[in-house]
Q: 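What follows is a structure written as structure tokens; I'll ask about it next.
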Amino acid sequence: MSTLASVDFWFEYASPYSMITALRLLRSLSEKTHPANEILQGLSSSQLPDLEEVHIVYRPIFLGAVFKAAGQQIMPNIQVPVKGKYLFHDVRRSLDLLGIPGFPASRPANWPPNTVLPGRITWMLAQGFDYVRALDRGDDAAHESAGSRNLSQTQTKVLAEFVWRIFEAEFIAGKDIGSPVVVSQIWDAYVAGSVPEGKDGALPDGKQAVALASQQTVKDGFRSSTQAAIDASLFGAPSFTTQDGDMYWGNDRLIDALTHHKNRKLLSQSAGFSVKAKAGSPSM
């Protein structure tokens with residue numbers, strides 16, 4: 001994995017465009033191909049990226065704090081009614097192309113939801129299976145997370161599936177992703193239920209995982225992830241940061257971010273966006 005370029009994917013569960021990115025990454029990690037892949041080529045919002053040379057670092061954040069630090073209104077895309085209407089139309093269109101029908105045509109009454117619990121549990125899973133097991137055992141080692149920069153391909157796929165299923169529950173099924181019951185069911189189906197018990201034991205079930213996500217070390221970790229986004233001068237989601245400290249914003253810039261390591265020699269210094277995050281810093 002050390003030979004791969006890494007790109008940090010900063011996302012928030014209240015962000016519909018983060019949902020599209022999560023699906024595109026999952027498809028590329030798990031399926032490699034898609035029945036409509038030829039149609040999607042050249043579409044910046046829907047084309048499946050090539051991840052052969054890139055490792056994705058999943059970094060969930062709480063976007064409200066990022067907006068506040070950037071001096072923006074909360075959920076700026078919906079402050080102008082016609083812009084909010086277009087947002088849901090645009091996301092629905094992209095998901096239709098990706099074979100996912102059912103995205104709401106207009107803003108649901110209960111949106112945006114409380115995303116703190118799913119954000120915390122995703123941060124916890126992004127630290128790796130060993131971290132979750134250590135946390136479950138009460139080991140001191142759980143206080144020193146390696147972060148998703150060091151996840152195996154198998155663990156990254158499980159994480160990517162879990163992230164997508166949270167989005168799917170929120171926007172397609174219309175469920176309350178702030179509910180411990182909903183989050184625990186998704187964990188049971190796509191994390192605990194998909195990872196066989198190994199020499200280090202099984203992963204905790206959904207109910208226990210939700211309880212672990214309320215521990216102070218996880219709360220602090222998720223808060224640190226959000227602070228890292230603020231320190232990196234991020235102002236929205238999804239965003240992507242590269243190893244050399246450049247930043248791309250928006251689902252339609254995913255492939256640009258993933259190919260940055262190949263194209264950076266072509267970029268003038270003035271063309272870059274120098275962020276404050278230290279390259280190679282551990283995932284929070």
Q: I want to check something: taking the side chain as every heavy atom from C-beta on, are Val57 and Arg59 in contact at a cut-off of under 4.5 Å?
A: yes

Q: Regarding Arg137 and Asp139, does a basic nitrogen lie under 4.0 Å from an acidic carboxylate oxygen?
A: yes

Q: Using modelled atom types and a 3.5 Å cut-off, is there a donor and acceptor pairing between side-chain atoms of Arg27 and backbone atoms of Leu98?
A: yes

Q: Between Ser28 (side chain only) and Pro49 (backbone N and O only), is there a donor and an acceptor less than 3.5 Å apart?
A: yes

Q: What residue among Thr154, Asn150, Thr156 forms side chain to side chain contact (heavy atoms under 4.5 Å, CB included) with Ser152?
A: Thr154

Q: Does the side chain of Ser194 come within less than 4.5 Å of Val158's, by heavy atoms?
A: yes

Q: Assert yes or no for the condition that the ring centre distance of Trp187 to Phe162 is strictly below 6.0 Å.
A: yes

Q: Do Leu51 and Leu25 come close enough that some side-chain heavy atom pair is under 4.5 Å?
A: yes

Q: Please report the shortest heavy-atom distance between Ala257 and Thr242, naming the atom on each side.
A: O-CG2, 4.0 Å

Q: Run the side-chain contact (heavy atoms from CB on, under 4.5 Å) check on Gln127 and Val132 step by step: do they pass?
A: CA-CA 7 Å; Gln127 309 317 300; Val132 176; over 6 Å; no

Q: Indicate yes or no: at least one non-hydrogen side-chain atom of Pro16 is less than 4.5 angstrom from one of Trp111.
A: yes

Q: To check you understand the geometry: which heavy-atom pair defines the closest contact between Ala65 and Ile230, and what is its length?
A: O-CD1, 3.8 Å

Q: Once rounded to the nearest 0.5 Å, what's the spacing between atom OG1 of Thr241 and atom CH2 of Trp249?
A: 16.0 Å

Q: Between Phe9 and Tyr58, does the ring centroid distance fall short of 6.0 Å?
A: yes

Q: Would Arg133 and Asp136 pass as an ion pair if we require N to O under 4.0 Å?
A: no

Q: List the atom of Ser214, the atom of Ala211, and the distance in Å for their closest heavy-atom pair.
A: OG-O, 2.6 Å

Q: Let me confirm one number: the CG-CG distance from Asp50 to Leu258, rounded to the nearest 0.5 Å.
A: 9.0 Å

Q: As an exercise, state the distance from OG of Ser15 to CG of Leu87, rounded to the nearest 0.5 Å.
A: 8.0 Å

Q: Backbone N or O of Val181 within a donor-acceptor pair of the Ser184 side chain at under 3.5 Å?
A: yes

Q: With a 3.5 Å distance limit and no angle check, can you tell me whether Arg24 reaches the backbone of Gln47 through a side-chain donor-acceptor pair?
A: yes

Q: Under 3.5 Å, is there a donor-acceptor pair linking the side chains of Asp252 and Tyr17?
A: no

Q: Could you go through the side-chain contact (heavy atoms from CB on, under 4.5 Å) check for Leu135 and Thr217 one step at a time?
A: CA-CA 9 Å; Leu135 197 65; Thr217 186; 3.5 Å; yes

Q: Could you pull out all residues at least two apart from Arg165 that satisfy salt bridge (charged side-chain N to carboxylate O under 4.0 Å, His left out)?
A: Glu161, Glu168

Q: In Å and rounded to the nearest 0.5 Å, what is the CG to OG1 distance from Leu63 to Thr226?
A: 9.0 Å

Q: Strictly distance-based, threshold 3.5 Å: is any side-chain N or O of Ser94 a donor or acceptor partner for the main-chain N or O of Val91?
A: no

Q: Quick one: CD on Glu170 to CG on Asn110, what's the gap to the nearest 0.5 Å?
A: 8.5 Å

Q: Ring pair (Phe, Tyr, Trp, His ring centres under 6.0 Å) with Phe103: which residues, sequence neighbours excluded?
A: Phe88, Phe171

Q: Hey, are His260 and Asp244 close enough side-chain-wise for a donor-acceptor pair under 3.5 Å?
A: yes

Q: Does Glu12 use its side chain to pair, donor to acceptor, with the backbone of Ala237 at less than 3.5 Å?
A: no

Q: Carefully, step by step, assess Asp8 and Phe240 under the rule side-chain contact (heavy atoms from CB on, under 4.5 Å).
A: CA-CA 5 Å; Asp8 289 24; Phe240 314 95; over 6 Å; no

Q: Verify the ring-centre separation between Phe167 and Tyr13: is it less than 6.0 angstrom?
A: yes

Q: Are the charged groups of Asp96 and Arg93 less than 4.0 angstrom apart, N to O?
A: no

Q: Could you tell me whether the side chain of Lys262 reaches within less than 4.5 Å of the side chain of Glu53, counting heavy atoms only?
A: yes

Q: Please give me the minimum heavy-atom distance between Gln243 and Leu4, naming the atom from each residue.
A: OE1-O, 4.4 Å

Q: Apply side-chain contact (heavy atoms from CB on, under 4.5 Å) to residues Phe11 and Ile61 and explain how you reach the verdict.
A: CA-CA 6 Å; Phe11 63 98; Ile61 58 175; over 6 Å; no

Q: For the pair Asn114 (side chain) and Gly178 (backbone), establish whether a donor and an acceptor sit closer than 3.5 Å, ignoring hydrogens and angles.
A: no

Q: Quick one: pull up CG in Asn251 and CD1 in Ile20 and give me the separation to the nearest 0.5 Å.
A: 4.5 Å

